[in-house]
Amino acid sequence: MYEVVTEITIQDSERKMLSEAGYGDPAIEYYLGKKHMGSIENANQISFKVGSCGDTMKIYLKVDDDEIVQDAKYEITGCAGAISAAMATVDLVKGKTVDQALKINDGDVFRVLESIPEKKHHCIQLAVKTMHLGLEEFQMAHVS
């Protein structure tokens, strides 16, 4: 007799493995949900960064005329740490001005995730640096 593997059992298995590896519940939810993954059509800014670990991130930003971050999405080739950190970073910057968003730091993202394995802390740095790069390039391209 064969066990039927469903999406729910796969997600439960991933959740258990991530929890055992040291990921907090918010980090796990960000990774499984991937709500800010993908691209934005007509983005104001698209920037790209490669981390020291080889993970790559592309950030898409949609910023309005008042310099409020309306939306942001990442395309990522990377691990669960990179994905959860990027998703949390978007939640922290949406609705903020570009200047406010540039003040978001690694500690802010870590607090949202609650816990990720120590060897994955560089993933938070990559997510924040990629966001900052996109915001800075947006500012340079839109200087009055």
Side-chain angles (χ1 to χ4, degrees), residues 5-144:
V5 178
T6 64
E7 185 68 29
I8 292 167
T9 59
I10 291 169
Q11 251 197 12
D12 288 345
S13 175
E14 279 186 303
R15 185 181 308 279
K16 184 175 185 283
M17 287 178 66
L18 290 166
S19 180
E20 289 170 355
Y23 288 86
D25 288 339
I28 294 169
E29 292 306 316
Y30 275 118
Y31 171 71
L32 294 175
K34 296 176 180 74
K35 67 180 182 176
H36 303 300
M37 285 285 273
S39 60
I40 298 174
E41 200 170 311
N42 302 317
N44 302 91
Q45 181 62 46
I46 302 170
S47 298
F48 181 82
K49 189 154 186 61
V50 179
S52 58
C53 59
D55 288 357
T56 58
M57 293 189 181
K58 186 186 280 189
I59 183 81
Y60 294 80
L61 294 170
K62 190 73 173 166
V63 182
D64 70 14
D65 293 338
D66 296 323
E67 291 208 350
I68 305 286
V69 178
Q70 295 298 311
D71 199 8
K73 291 197 183 294
Y74 283 87
E75 289 180 337
I76 300 169
T77 56
C79 64
I83 292 168
S84 61
M87 301 302 99
T89 301
V90 172
D91 276 348
L92 286 168
V93 303
K94 275 177 77 167
K96 302 242 183 340
T97 66
V98 170
D99 287 337
Q100 290 169 329
L102 281 165
K103 292 181 177 131
I104 301 293
N105 64 38
D106 302 352
D108 298 325
V109 176
F110 185 78
R111 279 187 288 282
V112 170
L113 297 176
E114 289 183 5
S115 178
I116 70 168
E118 193 170 325
K119 66 181 183 261
K120 297 295 182 179
H121 287 193
H122 70 277
C123 298
I124 294 173
Q125 294 170 346
L126 178 59
V128 171
K129 285 178 181 175
T130 303
M131 177 65 73
H132 285 181
L133 177 67
L135 293 165
E136 289 163 359
E137 288 180 350
F138 170 83
Q139 282 183 321
M140 288 191 303
H142 295 85
V143 173
S144 302

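Because the structure is predicted, anything quoted here is derived from the model rather than measured.
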Which residues share a side-chain hydrogen bond (donor to acceptor under 3.5 Å, both in side chains) with Ser39, sequence neighbours left out: none
Test side-chain hydrogen bond (donor to acceptor under 3.5 Å, both in side chains) applied to Thr56 - qualifying residues, sequence neighbours left out: Thr77
CD1-NE2 distance between Ile116 and His121, expressed to the nearest 0.5 angstrom: 5.0 Å
Other residues, nucleotides, ligands: >12 heavy atoms within 6.0 Å of Met17 CE: no
Set of side-chain hydrogen bond (donor to acceptor under 3.5 Å, both in side chains) partners for Ser115, sequence neighbours left out: none
Contact list for residues 112-122, test salt bridge (charged side-chain N to carboxylate O under 4.0 Å, His left out), sequence neighbours left out: none
Shortest non-hydrogen contact between Ile83 and Gly78, atoms and distance: CD1-O, 3.9 Å
Distance, nearest 0.5 Å, that separates NZ of Lys73 from CE of Met37: 10.5 Å
Contacts of Asp55 that satisfy salt bridge (charged side-chain N to carboxylate O under 4.0 Å, His left out) - sequence neighbours left out: none
Residues forming a salt bridge (charged side-chain N to carboxylate O under 4.0 Å, His left out) with Lys103, sequence neighbours excluded: none
Taking every non-hydrogen atom, the tightest pair across Val90 and Ala72: CG1-O, 3.4 Å
Non-hydrogen atoms of Tyr31 and Ala80 that approach each other most closely: CD1-CA, 3.5 Å
Solution key, residues 123-132 side-chain donor-acceptor pairs under 3.5 Å, sequence neighbours excluded:
{"residue": "Thr130", "atom": "OG1", "partner": "Leu126", "partner atom": "O", "Å": "2.7"}
{"residue": "His132", "atom": "NE2", "partner": "Leu102", "partner atom": "O", "Å": "3.1"}
{"residue": "His132", "atom": "NE2", "partner": "Ile104", "partner atom": "O", "Å": "2.8"}

Non-neighbouring partners of Gln139 that pass side-chain hydrogen bond (donor to acceptor under 3.5 Å, both in side chains), sequence neighbours left out: Asp99
side-chain hydrogen bond (donor to acceptor under 3.5 Å, both in side chains) contacts in which one or both residues fall within residues 42-52, not counting sequence neighbours: Gln45-Ser47, Gln45-Glu137, Ser47-Glu137
Value rounded to 0.5 Å, distance of OH in Tyr74 from CG in Leu61: 8.0 Å
Partner set under ring-ring contact (aromatic ring centres under 6.0 Å, His included) for Tyr60, not counting sequence neighbours: none
Partners passing side-chain contact (heavy atoms from CB on, under 4.5 Å) against Asp64 (at least two apart in sequence or in another chain): Asp66, Ile68, Gln70
Nearest-0.5 Å distance, CD1 of residue Ile28 to CD of residue Glu14: 10.0 Å
For Leu135 against Ala101, the heavy-atom pair lying closest together: CD1-CB, 3.6 Å
Rounded distance [0.5 Å steps], CG in Asp106 versus NE2 in His122: 12.0 Å
Heavy-atom closest pair, residues Ser84 and Leu113: O-CD2, 3.6 Å
Euclidean distance, Thr89 OG1 relative to Ile59 CD1, rounded to 0.5 Å: 8.0 Å
Sequence neighbours excluded, every pair satisfying salt bridge (charged side-chain N to carboxylate O under 4.0 Å, His left out) that has a member inside residues 19-40: Arg15-Glu29, Lys16-Glu20, Lys35-Asp91
For Ile76 against Ala86, the heavy-atom pair lying closest together: CD1-CB, 3.4 Å
